[in-house]
J.: 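Next up is a structure, given as structure tokens.
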Amino acid sequence: MVVSFRIRWQYALVAVVIAIFVSLGSDVSADIDRSAVVVKLPGDLQWSGSATSPSQNVVLLGDPSKPGLYIQLNKWHAHNMSRPHFHPNDRYITVISGTWWKGTGTKYDPDSTVPIPAGSFVTDVGKGIHYDEAKDEDVVLEIVGMGPATATSAEVK
């Protein structure tokens, strides 16, 4: 019985190893019709800015500086916060990773910000005054909006 169990276990281990190699091989060798689907893998994304800047972004679709639809990823680096501001149009934001912190109003008050965890969806309402922060970790956001994407300062001291 012990010998039978060892043999079955060895066959199972071999089957698992073969399955891993087959799945890896199919991911590497398989390709899709690039005229039907456009894929941008993480290594294909060209982030602007540097790791020492407050944030970095990569435009996925459109041009945020021009009229029309745009989609971008924004990476807020830890310990960075914007001041009260607003955007002319609604912006639709999904928190991809990290916890994003938001505050509202013209008075800059970092202690009043609320946490927004990964997986959350946020609408920055056009002309709604707010400020944003990445506290102790980097935060990646997907931002969808209509350009031109501008920010107007709204802080009252």
Side-chain angles (χ1 to χ4, degrees), residues 16 19-157:
V16 168
I20 289 171
F21 281 112
V22 168
S23 69
L24 288 175
S26 66
D27 286 346
V28 173
S29 65
D31 204 1
I32 58 174
D33 180 353
R34 300 293 178 162
S35 67
V37 177
V38 176
V39 176
K40 290 185 181 182
L41 298 173
D44 299 333
L45 301 178
Q46 300 295 316
W47 291 88
S48 69
S50 70
T52 58
S53 63
S55 68
Q56 294 176 275
N57 68 58
V58 60
V59 176
L60 301 175
L61 178 77
D63 183 342
S65 69
K66 297 179 180 172
L69 178 69
Y70 69 89
I71 302 173
Q72 68 181 17
L73 294 178
N74 189 289
K75 184 186 301 180
W76 280 78
H77 295 293
H79 311 292
N80 285 294
M81 182 173 228
S82 67
R83 305 298 281 210
H85 65 280
F86 66 87
H87 308 282
N89 303 316
D90 291 354
R91 293 166 34 121
Y92 307 98
I93 302 156
T94 302
V95 182
I96 303 296
S97 65
T99 300
W100 190 33
W101 295 77
K102 299 268 299 175
T104 57
T106 59
K107 183 180 181 300
Y108 177 67
D109 181 11
D111 294 331
S112 72
T113 60
V114 297
I116 303 171
S120 299
F121 179 78
V122 175
T123 300
D124 278 351
V125 176
K127 300 183 182 71
I129 299 170
H130 63 277
Y131 41 99
D132 317 281
E133 179 179 22
K135 288 196 178 196
D136 298 321
E137 62 185 333
D138 287 355
V139 177
V140 176
L141 309 170
E142 179 189 56
I143 302 173
V144 177
M146 295 300 286
T150 60
T152 302
S153 177
E155 184 172 6
V156 174
K157 296 186 180 197

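What you see is a predicted model; the values in this text were computed from it and never measured.
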J.: Scan for salt bridge (charged side-chain N to carboxylate O under 4.0 Å, His left out) pairs involving residues 68-97, sequence neighbours excluded, and state none if there are none.
T.: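 Every salt bridge (charged side-chain N to carboxylate O under 4.0 Å, His left out) pair that includes a residue of residues 68-97, provided the two are not neighbours, is Arg83-Glu155.
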J.: If we only count heavy atoms from C-beta on, is the Ser55 to Asn80 side-chain gap below 4.5 Å?
T.: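 Heavy-atom side-chain distance check fails, nothing below 4.5 Å.
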J.: Kindly give the heavy-atom pair with the smallest separation between Ala118 and Ser97, and that separation in Å.
T.: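 Minimum heavy-atom contact is CB-CA, 3.9 Å.
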J.: Measure from the side-chain N and O atoms of His85 to the backbone N and O of Ala154, and report whether any donor-acceptor pair falls under 3.5 Å.
T.: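 No; zero donor-acceptor contacts below 3.5 Å.
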J.: Measuring from atom OG1 of Thr106 to atom OH of Tyr131, what distance do you get when rounded to the nearest 0.5 angstrom?
T.: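 Answer for the OG1-OH pair, Thr106 versus Tyr131, is 9.0 Å.
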J.: On a heavy-atom basis, which atom in Pro117 and which in Pro115 lie closest, and how many Å separate them?
T.: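 That closest heavy-atom pairing would be CD-O, 3.9 Å.
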J.: Quick one: salt bridge (charged side-chain N to carboxylate O under 4.0 Å, His left out) pairs with a partner in residues 100-128, sequence neighbours left out?
T.: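 Of all non-adjacent pairs touching residues 100-128, those that pass salt bridge (charged side-chain N to carboxylate O under 4.0 Å, His left out) are Lys102-Asp124, Lys102-Asp132.
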J.: Could you check Gln72 against Leu60 for side chain to side chain contact (heavy atoms under 4.5 Å, CB included), going step by step and ending with a plain yes or no?
T.: CA-CA 5 Å; Gln72 68 181 17; Leu60 301 175; 5.8 Å; no
J.: If you compare all heavy atoms of His77 against all heavy atoms of Ala134, which two are closest, and at what distance to 0.1 Å?
T.: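 Looks like O-CB, 3.4 Å.
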J.: Mind checking the NZ-CD spacing from Lys40 to Gln46? Nearest 0.5 Å is all I need.
T.: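 Lys40 NZ to Gln46 CD: 9.5 Å, rounded to 0.5 Å.
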J.: Side chains of Arg34 and Val39: closer than 4.5 Å at any heavy-atom pair?
T.: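 Yes, side chains in contact.
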J.: Step by step, work out the side chain to side chain contact (heavy atoms under 4.5 Å, CB included) result for Ser53 and Trp47.
T.: CA-CA 12 Å; Ser53 63; Trp47 291 88; over 6 Å; no
J.: To check you understand the geometry: which heavy-atom pair defines the closest contact between Val59 and Pro64, and what is its length?
T.: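 Heavy atoms only, the tightest pair is CG2-CD, 3.7 Å.
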J.: Atom CD1 in Ile96, atom CG in Asn74: separation rounded to 0.5 Å?
T.: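 Answer for the CD1-CG pair, Ile96 versus Asn74, is 11.5 Å.
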J.: Between His79 and Lys135, does the side chain to side chain contact (heavy atoms under 4.5 Å, CB included) criterion hold? Intermediate values first, please.
T.: CA-CA 5 Å; His79 311 292; Lys135 288 196 178 196; 5.9 Å; no
J.: Using 0.5 Å steps for rounding, measure from the CG atom of Asn89 to the OG1 atom of Thr150.
T.: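 Between atom CG of Asn89 and atom OG1 of Thr150 there are 7.5 Å.
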J.: Take Thr99 and Asp136 through the side chain to side chain contact (heavy atoms under 4.5 Å, CB included) test and state the conclusion after the steps.
T.: CA-CA 9 Å; Thr99 300; Asp136 298 321; over 6 Å; no
J.: Which atoms form the tightest heavy-atom contact between Pro84 and Gly105, and what is the distance?
T.: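 That closest heavy-atom pairing would be CB-O, 3.5 Å.
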J.: First locate atom CD1 of Ile129, then atom OG1 of Thr104, and finally report the distance between them rounded to the nearest 0.5 Å.
T.: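 Between atom CD1 of Ile129 and atom OG1 of Thr104 there are 9.5 Å.
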J.: Decide yes or no for Trp101 and Pro110: does some side-chain heavy atom of the first lie under 4.5 Å from some side-chain heavy atom of the second?
T.: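 No, side chains not in contact.
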J.: Which atoms form the tightest heavy-atom contact between Glu133 and Trp100, and what is the distance?
T.: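 Heavy-atom minimum between the residues: O-CD1, 3.5 Å.
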J.: Phe121 vs Tyr92 aromatic rings, parallel, tilted or perpendicular, using cut-offs 30° and 60°?
T.: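 If you compare the ring of Phe121 with that of Tyr92, the planes turn out parallel.
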